[in-house]
Asks: 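Below is a structure I'd like to ask you about.
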Amino acid sequence: MTDPNTAENPAARHARLAPVDTAADALFVYGTLRFDRILTALLGRVPPGAPATAPGWRTAALAGRPYPGLVPSSGHTAAGLLLTGLSRAEWRALDDFEDDAYELRRLAAEREPAAEREPAAERAPAAEQGPPAERGRTEGSRSAPGRIWTYVWAAPDQVAAEDWSADVFAARRLEGYAARLEAAAARHRGGRPERG
């Protein structure tokens, strides 16, 4: 939910985006935002993205929530996507989607080598697996993003011991979750869709 003190003040609501260069920076997404249908409900399109990993982090299940939180975890690696080419309005829409239990932080993520994602009508991410033996950094690539940002979970009392699974979400929750976002987007064109 949006903080009532910032809900009516867009400048305060988007203050955490102040250090982001929306023209050059990338967003690492690791949960429901990895699904084309969710991105389309929120943004009206699927932005360019590439598979990536974040060493030292895990995609944790959250108590009573269908979506995950990224939490620090030595020895783990979180899988996700690097979204690039986001407009300022799209950064704001995604920031609105992430409630106050998330903090926007810079991240050292690694792009999977030669793995540019092509949008599909509907596709679930591959099962959460460990990282491949070789990974490529985004530096040196013609399409390399500037800094990489992500939303990390900031409420440790709600973090579950188990990891969140994109495959389980796709099989059990995607349809209903996406339908709620699509309905909210249709009702509130220009407003903040509810997280569901």
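Along the sequence shown, residues are numbered consecutively beginning with 1.
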Asks: Considering only heavy atoms from C-beta outward, does the side chain of Leu42 approach that of Leu33 to under 4.5 Å?
Replies: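 Side chain of Leu42 against side chain of Leu33, heavy atoms only: contact under 4.5 Å found.
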
Asks: To the nearest 0.5 Å, tell me how far Asp36 CG sits from Arg45 CZ.
Replies: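 CZ of Arg45 is found 12.0 Å from CG of Asp36.
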
Asks: Apply the test side chain to side chain contact (heavy atoms under 4.5 Å, CB included) to residues Trp153 and Arg65: give CA-CA distance (whole Å), side-chain angles for both, the deciding distance (0.1 Å), then the verdict.
Replies: CA-CA 12 Å; Trp153 187 252; Arg65 298 171 192 256; 3.7 Å; yes

Asks: Within the distance-only criterion (no hydrogens, no angle test), does the side chain of Ser165 pair as donor or acceptor with the backbone N or O of Val168 below 3.5 angstrom?
Replies: yes

Asks: Closest approach of Ala41 and Ala185, non-hydrogen atoms and distance?
Replies: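 The pair with the smallest heavy-atom distance is O-CB, 3.6 Å.
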
Asks: First locate atom CG of Leu81, then atom CG of Leu27, and finally report the distance between them rounded to the nearest 0.5 Å.
Replies: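 One gets 10.0 Å once the value is rounded to the nearest 0.5 Å.
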
Asks: Is there a side-chain contact between Leu83 and Pro48 in this structure, where contact means two heavy atoms from C-beta onward sitting under 4.5 Å apart?
Replies: no

Asks: What is the minimum heavy-atom distance between Gly31 and Pro68, and which atoms define it?
Replies: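 The pair with the smallest heavy-atom distance is CA-CG, 3.6 Å.
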
Asks: When you measure from the side chain of Asp95 to the backbone of Trp91, do you find a donor-acceptor pair of N or O atoms at a distance under 3.5 Å?
Replies: no

Asks: Just so I know, are the side chains of Val71 and Thr59 near enough to count as touching, which here means a heavy-atom distance under 4.5 Å?
Replies: no

Asks: Are the side chain of Arg58 and the backbone N or O of Glu162 linked by a donor-acceptor pair below 3.5 Å?
Replies: yes

Asks: Are the side chain of Arg173 and the backbone N or O of Tyr67 linked by a donor-acceptor pair below 3.5 Å?
Replies: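 A pair under 3.5 Å: no.
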
Asks: Quick check: does any side chain N or O of Tyr30 sit under 3.5 Å from a backbone N or O of Thr53, one acting as donor and the other as acceptor?
Replies: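 A pair under 3.5 Å: no.
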
Asks: Enter the distance from Trp149:CH2 to Leu82:CG here, rounded to the nearest 0.5 Å.
Replies: 14.0 Å

Asks: What pair of heavy atoms forms the shortest contact from Pro47 to Leu39, and how long is it?
Replies: CD-CD1, 4.1 Å

Asks: If every non-hydrogen atom of Arg34 is compared with every non-hydrogen atom of Ala79, which pair is closest and at what distance?
Replies: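 For Arg34 and Ala79, the tightest heavy-atom pair comes out as NH1-O, 3.5 Å.
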
Asks: For the backbone of Pro19 and the side chain of Arg147, can you confirm whether one donor and one acceptor N or O come within less than 3.5 Å of each other?
Replies: yes

Asks: Please evaluate residues Trp57 and Thr77 with respect to the criterion side chain to side chain contact (heavy atoms under 4.5 Å, CB included), reporting the C-alpha separation (whole Å), side-chain torsions for both, the decisive distance (0.1 Å), and the verdict.
Replies: CA-CA 5 Å; Trp57 296 87; Thr77 298; over 6 Å; no

Asks: Would you say the side chain of Thr32 lies within less than 4.5 Å of the side chain of Leu181, judging by non-hydrogen atoms?
Replies: no

Asks: Between Tyr102 and Ala154, is there a donor-acceptor pair closer than 3.5 Å when you use the side chain of the first and the backbone of the second?
Replies: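 Flag not set: sc Tyr102 to bb Ala154 has no pair under 3.5 Å.
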
Asks: Of the options Val152, Thr150, Leu70, which is the one that meets Glu103 in a side chain to side chain contact (heavy atoms under 4.5 Å, CB included)?
Replies: Val152

Asks: Run the ring-centre check on Phe169 versus Trp164 and record whether the distance is less than 6.0 Å.
Replies: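 Ring centres of Trp164 and Phe169 closer than 6.0 Å.
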
Asks: Is there a side-chain contact between Pro55 and Glu110 in this structure, where contact means two heavy atoms from C-beta onward sitting under 4.5 Å apart?
Replies: yes

Asks: Given side chain to side chain contact (heavy atoms under 4.5 Å, CB included), test Tyr177 with Glu182 step by step and report yes or no.
Replies: CA-CA 9 Å; Tyr177 189 82; Glu182 290 160 352; over 6 Å; no

Asks: When rounded to the nearest 0.5 angstrom, what is the spacing between CZ in Phe28 and CD1 in Ile148?
Replies: 9.0 Å

Asks: Quick one: pull up CG in Leu174 and CG in Asp167 and give me the separation to the nearest 0.5 Å.
Replies: 11.5 Å

Asks: How far does CZ of Arg88 sit from NE2 of His14, to the nearest 0.5 angstrom?
Replies: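 Separation between the atoms: 11.0 Å.
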
Asks: Shortest non-hydrogen contact from Ala60 to Ala160?
Replies: CB-O, 4.4 Å

